[in-house]
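One structure below.
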Amino acid sequence: MRPIIEIRNLKKNFGNFTALNNINLLMYEKEVVVIVGPSGSGKSTLIRCINFLEKPTEGEIFLEEYPIQDGPNLPEIRADIGMVFQNFNLFPHMTVLKNVAQPPIRVRQMGQSESEKRAKLLLEKVGLQDHIHKYPEQLSGGQQQRVAIARAMAMKPRVLLFDEPTSALDPEMVGEVLDVMQQLAVEGVSMMVVTHEMGFARRVADRVIFMEEGSIIEDNTPENFFDNPTNERIKEFQQAVLNH
Amino acid sequence: MNIFETFFNIPVLIDSFPMLMRGLGITITLGALSIVLGLILGLIFALIRTYGPRSLRWFACGYIDIFRSIPILVLLVIIYYALPFVGIRLSAFAASVVTLSLVSSAYTAEIFRSGIEAIPKGQVEASLALGYRFFPALIDIILPQAIKIVIPPLTSNCINVVKDTALASVVAMPDLLKQATQAQALAANPSPLIGAAIIYLVILLPLVHLVSRLERYLNVSQKK
């Protein structure tokens with residue numbers, strides 16, 4: 001297996017607050033890495049550092065052999081890293097089809113008809129073929145998030161990042177989004193997912209990472225993580241999450 | 001003489017009508033040109049002020065503040081009567097267009113900036129995450145949304161520019177107001193002035209109405 005993301009000694013401070021403290025992480029191609037942990041533990045900051053939406057204070061991050069850093073090549077590297085946000089962040093002035101088809105045209109210089117053809121296929125894959133001419137505001141949250149996944153996939157990313165993709169959804173819509181994500185995982189898409197969905201972590205993850213106070217406390221298989229938690233804090237966290 | 005003969009003297013109005021129409025043509029040309037130049041300059045200054053390097057941002061701030069503070073009439077008089085002393089001699093028309101464009105661009109810049117700043121941060125993050133560079137993101141994502149937000153205040157500003165064209169009569173520009181005052185002098189009757197006022201209203205009232213409709217339609221008035 002080839003490493004796809006490598007994080008070395010990553011630190012991130014916001015003023016005096018240490019959000020990430022010496023993170024080291026190796027993620028391999030086709031892996032599904034799920035990051036869990038209490039709020040404020042730095043999960044989102046970590047995933048946002050990977051595509052440089054947050055600028056690391058110290059340390060290095062690589063996409064394959066390419067360093068992810070400020071500079072003229074940053075847009076190209078970002079285009080290779082798909083990102084799905086908690087609040088979808090679809091473009092409200094574009095139709096669903098255009099949301100998915102326009103970025104490859106503009107960023108990858110793909111032809112319009114080719115890009116639209118691919119966008120339609122991707123939207124069909126996430127079950128939205130009947131909504132391609134609607135605007136995002138006409139869709140439910142779950143549908144919007146599936147469009148966002150299709151939009152990220154349209155760039156043919158090397159790896160897909162999810163920042164709490166179901167946290168802004170009504171409970172009945174969580175399943176449809178997780179199903180799409182599971183389908184991508186089965187197809188071998190490399191994914192790093194910050195989530196509170198423990199069922200998803202157990203079913204889909206190859207590795208579960210537990211973070212607390214800016215550090216990685218545990219990095220384990222889902223079986224070990226859920227069935228034989230060694231760390232007292234992980235047990236507490238699981239109790240809290242499962243009993244809520 | 002009763003009030004109708006004084007202010008609504010039909011024969012005088014009919015006689016002065018061709019003059020008023022010529023003036024209206026100049027008012028509209030002056031207004032339209034100043035609006036277009038003001039929009040272009042305003043957008044450029046809004047972008048510099050929002051995204052430019054620090055020194056340019058300062059320059060843009062100063063430009064915007066100065067031209068929002070200075071009375072238009074003062075600026076016009078300076079450009080038309082003072083600049084010739086340093087060898088810059090502008091026609092009445094050019095001086096009027098320059099004045100109106102400079103002032104309009106300062107207001108337009110602030111309007112565009114407020115629109116750009118009203119776009120949720122997530123939109124910019126999404127475009128960055130997709131690999132967009134600055135100008136493509138501006139064209140595909142930022143400006144379409146910002147412009148939609150600022151259409152009502154931009155239209156308001158356009159109304160102001162058209163109204164302010166009347167100041168050009170001070171530098172002997174034969175615009176609608178100047179023609180009306182000349183017609184008034186010729187006929188020794190103020191009816192042409194009333195005629196001019198009615199023409200201003202006929203042009204601008206629909207625009208004022210349009211602004212409130214746009215505000216309601218775009219639902220901006222409630223959000224702000």
Side-chain angles (χ1 to χ4, degrees), chain A residues 44 47-48 50-55 63 68 70-94 98-110 135-137 144 147-148 150-163 168, chain B residues 39 43 46-47 50-57 108 111-155 213-224:
Chain A
S44 287
I47 215 164
R48 287 164 59 83
I50 293 175
N51 64 0
F52 216 78
L53 286 181
E54 299 291 351
K55 188 179 177 182
L63 173 71
I68 301 167
D70 214 350
N73 294 327
L74 183 59
E76 273 92 18
I77 293 200
R78 278 175 166 155
D80 278 340
I81 305 172
M83 177 91 162
V84 176
F85 296 88
Q86 182 176 348
N87 295 315
F88 330 135
N89 293 340
L90 293 179
F91 304 129
H93 58 297
M94 297 182 184
K98 196 145 188 238
N99 259 283
V100 181
Q102 182 66 14
I105 294 172
R106 188 68 84 175
V107 176
R108 301 270 201 219
Q109 282 79 44
M110 194 185 275
Y135 284 86
E137 62 175 9
Q144 288 191 49
V147 175
R151 180 177 70 174
M153 288 300 294
M155 302 302 292
K156 301 183 186 167
R158 307 282 300 118
V159 56
L160 210 46
L161 309 176
F162 293 82
D163 186 6
Chain B
L39 282 173
L43 180 57
L47 294 177
T50 316
Y51 301 110
R54 181 167 305 195
S55 53
L56 281 178
R57 269 207 314 255
T108 309
I111 293 170
F112 275 125
R113 187 174 70 102
S114 72
I116 289 170
E117 285 176 358
I119 297 171
K121 202 165 134 250
Q123 292 291 307
V124 178
E125 289 191 344
S127 62
L128 291 177
L130 286 162
Y132 268 88
R133 288 175 186 277
F134 177 71
F135 279 106
L138 210 55
I139 289 162
D140 276 4
I141 292 143
I142 313 281
L143 287 184
Q145 296 185 61
I147 287 169
K148 191 180 166 193
I149 296 171
V150 299
I151 283 175
L154 276 185
T155 315
R213 280 190 47 179
L214 282 171
E215 273 175 353
R216 243 173 299 146
Y217 173 68
L218 295 172
N219 206 11
V220 171
S221 46
Q222 284 97 320
K223 274 189 207 157
K224 288 234 159 154

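Just so we're on the same page: letters track the sequence lines, and every chain starts at 1. All values below come from the heavy atoms of this structure, side chains included, with hydrogens, waters and symmetry mates left out.
- More than 12 heavy atoms of other shown residues, nucleotides or ligands fall within 6.0 angstrom of atom CZ in B/Arg57.
- At least one side-chain heavy atom of B/Gln123 sits less than 4.5 Å from a side-chain heavy atom of A/Pro92.
- A/Asn51 touches chain B through its side chain: at least one heavy atom from C-beta onward sits under 4.5 Å away, while N, CA, C and O do not.
- Taking every heavy atom of both residues into account, B/Arg133 and A/Pro72 meet most closely at NH2-O, 3.0 Å.
- Without hydrogens or angle criteria, A/Arg78 side chain to B/Ser127 main chain gives no donor-acceptor distance under 3.5 Å.
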Practice item. Kindly indicate, with the supporting measurements, whether the criterion side-chain hydrogen bond (donor to acceptor under 3.5 Å, both in side chains) is fulfilled by A/Gln102 and B/Asp140. Key: CA-CA 8 Å; A/Gln102 182 66 14; B/Asp140 276 4; 2.9 Å; yes
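- Using a 4.5 Å cut-off between heavy atoms, A/Leu90 contacts chain B through its backbone alone, with no side-chain atom that close.
- One distance of note links CD of B/Glu125 with CZ of A/Arg48; it measures 4.0 Å at 0.5 Å rounding.
- When the candidates A/Pro75, A/Ala148, A/Pro104 are compared by the number of heavy-atom contacts under 4.5 Å with chain B, A/Pro75 comes out ahead.
- For a residue to count as touching a neighbouring chain, one of its non-hydrogen atoms must lie under 4.5 Å from one of that chain's; by this rule A/Phe85 touches chain B with the side chain only.
- Interatomic distance, CG of B/Leu130 versus CZ of A/Arg151, reported as 5.0 Å (0.5 Å rounding).
- Interface residue A/Leu53: only side-chain heavy atoms are found under 4.5 Å from chain B.
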